[in-house]
Amino acid sequence: PTTAVEKLKILCETGIDIIIASGSSQELQAMKDYADENGVLLIATSSTAPSLAVPGDNIYRLVTDDTHQGEVMDLVLASSNVTAIVPMARKDVWADDLLKATGKGFLAEKGVVLDGVRYAPNSSDYSQDVRALSAKVKDAVSRYGADRVGVYLLSFEEGGKIMGLAAGDPVLSSVKWFGSDGIANQADLAENGTLADFAVETDF
């Protein structure tokens with residue numbers, strides 16, 4: 001986000017006032033105030049956080065926001081007979097909004113969104129976060145049963161590292177895992193044997 005704002009300012013200082021911004025919702029959120037205040041039009045190609053849909057601002061987004069993904073995720077969870085989800089999510093506006101969009105319908109259907117783990121997206125080591133997740137999932141399993149608990153992974157490319165660590169944990173391997181568009185079609189989920197086995201084992 002910091003770099004995105006720095007580059008935005010450099011472009012604006014050269015007289016450019018229409019910018020195609022292909023970054024995440026977190027980066028777009030960081031750029032928004034400067035763009036609004038300086039009359040710069042941002043055309044966002046990949047931001048989906050619903051909270052960034054603000055009437056009259058200087059942002060045009062070319063993709064649907066995550067309100068719809070949340071609705072579909074509710075159906076997926078219901079069809080999997082999951083009663084409780086434990087989020088493993090980035091600390092950013094994209095994960096905040098998608099978790100909220102999913103939880104809205106899930107809670108309405110008597111589901112439970114448990115206290116999960118929020119991690120720093122740019123971390124170099126997720127082992128402590130995965131250990132914390134294991135403890136939370138263990139508690140959830142004791143209350144709801146392994147067949148009724150799911151891990152809801154809201155990640156980008158770092159999701160592969162998280163799943164790789166989780167693959168060695170018997171507690172995390174005992175429940176279903178769910179992802180989002182942020183990790184869909186990530187090549188190493190199929191190419192890395194450990195990740196592929198874990199995905200199959202957890203019905204990811």
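Just so it is clear, the values below take in all heavy atoms, side chains as well, and ignore hydrogens, waters and symmetry mates. Residue numbers run from 1 in the order of the sequence given.
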*asked:* If we check side-chain hydrogen bond (donor to acceptor under 3.5 Å, both in side chains) with T48, which of these qualifies: D97, D66, D181?
replied: D66
Can you confirm whether [X] sits close enough to [Y] that some side-chain heavy atom of one is under 4.5 Å from a side-chain heavy atom of the other?
| X | Y | answer |
| --- | --- | --- |
| V40 | L11 | no |
| I59 | V54 | no |
| R61 | L28 | yes |
| F198 | N192 | no |

*Side-chain (D188) to main-chain (E191) donor-acceptor, under 3.5 angstrom*: no
_Given 3.5 Å as the limit, does a donor-acceptor pair link the side chain of S134 with the main chain of V130, or not?_
no
*Same apolar cluster: L114 and L99, side chain cutoff 4.5 Å*: no
_Nearest-0.5 Å distance that lies between atom CG in D139 and atom NZ in K136_ = 8.5 Å
*So does R118 pair up with D96, basic N to acidic O under 4.0 Å?*
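A salt bridge is present here (some side-chain N lies under 4.0 Å from a carboxylate O).
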_Please give me the minimum heavy-atom distance between Q26 and P1, naming the atom from each residue._
CG-CG, 3.5 Å
*Name the one of V151, V82, L154 that satisfies side-chain contact (heavy atoms from CB on, under 4.5 Å) with F178?*
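Only one option passes, and that is V82.
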